[in-house]
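The block underneath contains the structure these notes are about, expressed in structure tokens.
Below, read A as the first sequence line, B as the second, and so on, with proteins coming before strands; counting in each chain starts at 1. Note that these values count all heavy atoms, side chains included, but never hydrogens, waters or copies made by symmetry.
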Amino acid sequence: MPELPEVETVVRSLAPLAGRRIVSAEFRASRSLRGGDPQRMAERLAGRRIHTIRRYGKFILVSLSGGGYLLLHLGMTGRLSLGGKPGKHTHAIFTLDRGVLQFDDSRQFGAVEVHDQFPARIARLGPEPLEVPAEDFARHLRRHRTCVKALLLNQTFVRGVGNIYADEALFRAGIHPLAQTARLRTDRALRLHQALAEVLTEAITAGGSSISNYVDANGRQGLFQVSHRVYQRTGEPCVNCGTLIRRVLVGQRSSHYCGRCQKR
DNA sequence: ATCGGTACCTGCACGC
DNA sequence: TGCGTGCAGGTACCGA
């Protein structure tokens with residue numbers, strides 16, 4: 001389901017869990033556990049108190065009393081819910097001293113992991129797009145030899161941008177998804193940084209984009225999908241010029257763009 | 001060291 | 001109704 005704005009919305013909806021104690025945890029063996037032993041994971045969590053819940057890109061990091069971490073990733077279809085009913089795709093159930101947190105994920109591209117140390121997976125990520133200085137963003141962009149859409153999706157470049165917001169930011173910046181990063185002039189790179197910040201900020205305010213089944217931990221949908229200008233609008237007119245929106249594959253991912261407004 | 005391509009899963013919408 | 005196809009917000013891993 002989720003990119004940065006959706007994960008941010010979920011994390012905010014989980015804020016009331018700070019200070020709660022994990023009475024017990026129950027895991028169902030699945031790909032989401034990444035080979036971790038369900039029994040052992042449950043033992044490591046039982047009795048721990050939730051300290052903070054923070055977002056790193058698309059990851060959710062729960063720090064626990066005693067120094068451990070619970071790391072969550074929603075993948076494409078992951079869902080966290082407070083007090084839901086376990087179903088076919090429930091992979092984890094955390095029983096708290098007050099309430100229950102449940103993790104569901106039909107495609108199992110998400111992750112639930114228990115760590116003793118700050119997870120290396122997170123340490124490897126690039127900066128937050130809403131925190132990286134524009135000049136750094138523009139400079140780093142030019143160091144890569146790839147097309148700009150692929151780079152935006154690269155989590156070691158910036159963390160948290162996915163297919164929706166990459167397309168939306170490129171449209172707002174007037175940059176073609178297949179533009180080569182090494183050849184992007186600084187002013188255009190700065191515009192992209194600005195466009196990315198704007199679209200992410202607006203989407204967070206709207207509670208994310210609810211496409212298919214995304215909801216926050218309280219079951220509330222986001223509203224930002226109505227503001228999409230190119231994403232999944234193939235064949236519809238561009239909001240700026242009326243040209244029909246096109247779709248092209250970039251690194252096996254659908255990319256939506258206006259051939260007139262977005263230049264290579 | 002960076003890349004592009006592929007694999008991993010299930011569900012849904014669509015055309016026949 | 002059923003079946004095959006293509007598509008879907010994700011990351012990891014492979015070889016070039």
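- Using a 3.5 Å distance cut-off with no hydrogens or angles, the side chains of Tyr214(A) and Gln225(A) do not pair a donor with an acceptor.
- Side-chain contact of His256(A) with Asp167(A): a donor-acceptor pair under 3.5 Å is present, judged by distance alone.
- Contact check, Lys88(A) against dT10(B): no side-chain N or O comes under 4.0 Å of OP1 or OP2.
- dC9(B): no Watson-Crick or G-U partner with both key distances under 3.5 Å is found in any strand.
- Exactly one residue among Glu128(A), Glu6(A), Glu3(A) makes a salt bridge (charged side-chain N to carboxylate O under 4.0 Å, His left out) with Arg55(A). That residue is Glu128(A).
- One atom, CZ of Phe59(A), and another, C1' of dT11(C), lie 7 Å apart when rounded to the nearest Å.
- In terms of phosphate contacts, Thr146(A) brings a side-chain nitrogen or oxygen within less than 4.0 Å of OP1 or OP2 of dG4(B).
- Each of His228(A) and Arg121(A) has a nearest nucleotide on DNA chain C; the 5'-most of these lies closest to His228(A).
- Side-chain nitrogen and oxygen atoms of Arg34(A) include none within less than 4.0 Å of the OP1 or OP2 phosphate oxygen of dA12(C).
- What you find for Ser254(A) and Leu249(A) is that their closest heavy atoms are N-CD2, 3.8 Å.
- Place Ala150(A) and Gln108(A) on DNA chain B by their nearest nucleotides, and Ala150(A) ends up nearer the 5' end.
- For the OP1/OP2 pair of dT10(B) and a distance below 4.0 Å, the side-chain nitrogens and oxygens of Arg31(A) include no atom meeting the criterion.
- Aromatic rings from Phe94(A) and Phe103(A) are positioned such that their centres are separated by 6.0 Å or more.
- Atom C1' of nucleotide dA8(C) and atom CG of Asp167(A) are separated by 13 Å, given to the nearest angstrom.
- Distances shorter than 4.0 Å separate some side-chain N or O of Arg247(A) from OP1 or OP2 on dC7(C).
- Straight-line distance from the CZ atom of Arg79(A) to the P atom of dT10(B): 17 Å, rounded to whole Å.
- Remark: His144(A) is not in phosphate contact with dA1(B), judged by side-chain N or O atoms under 4.0 Å from OP1 or OP2.
- When the P atom is used for both dC9(B) and dC3(C), the distance is 23 Å, rounded to whole Å.
- Side chain of His89(A), nearest nucleotide from dG5(B), dT11(C), dT10(B): dT10(B).
- Whole-Å rounding puts the Phe109(A) CZ to dC9(B) C1' distance at 5 Å.
- Residue Gln225(A) contributes atom CD, which lies 17 Å from atom P of dA8(C) at whole-angstrom precision.
- Regarding Gln232(A), its CD atom lies at a distance of 12 Å from the P atom of dC7(C), rounded to whole Å.
- Side-chain N/O atoms of Gln155(A) include one lying less than 4.0 angstrom from OP1 or OP2 on dT11(C).
- Residue Tyr231(A) is classed as a sugar-phosphate contact, given heavy-atom separations below 4.0 Å to backbone atoms only.
- In this structure, the CZ atom of Arg107(A) is 12 Å from the P atom of dC12(B), given to the nearest Å.
- Side chain to side chain, Asp105(A) and Thr77(A) meet the donor-acceptor criterion of an N or O pair below 3.5 Å.
- Atom P of nucleotide dT11(C) and atom CD of Glu113(A) are separated by 13 Å, given to the nearest angstrom.
- For the OP1/OP2 pair of dA8(C) and a distance below 4.0 Å, the side-chain nitrogens and oxygens of Ser254(A) include at least one atom meeting the criterion.
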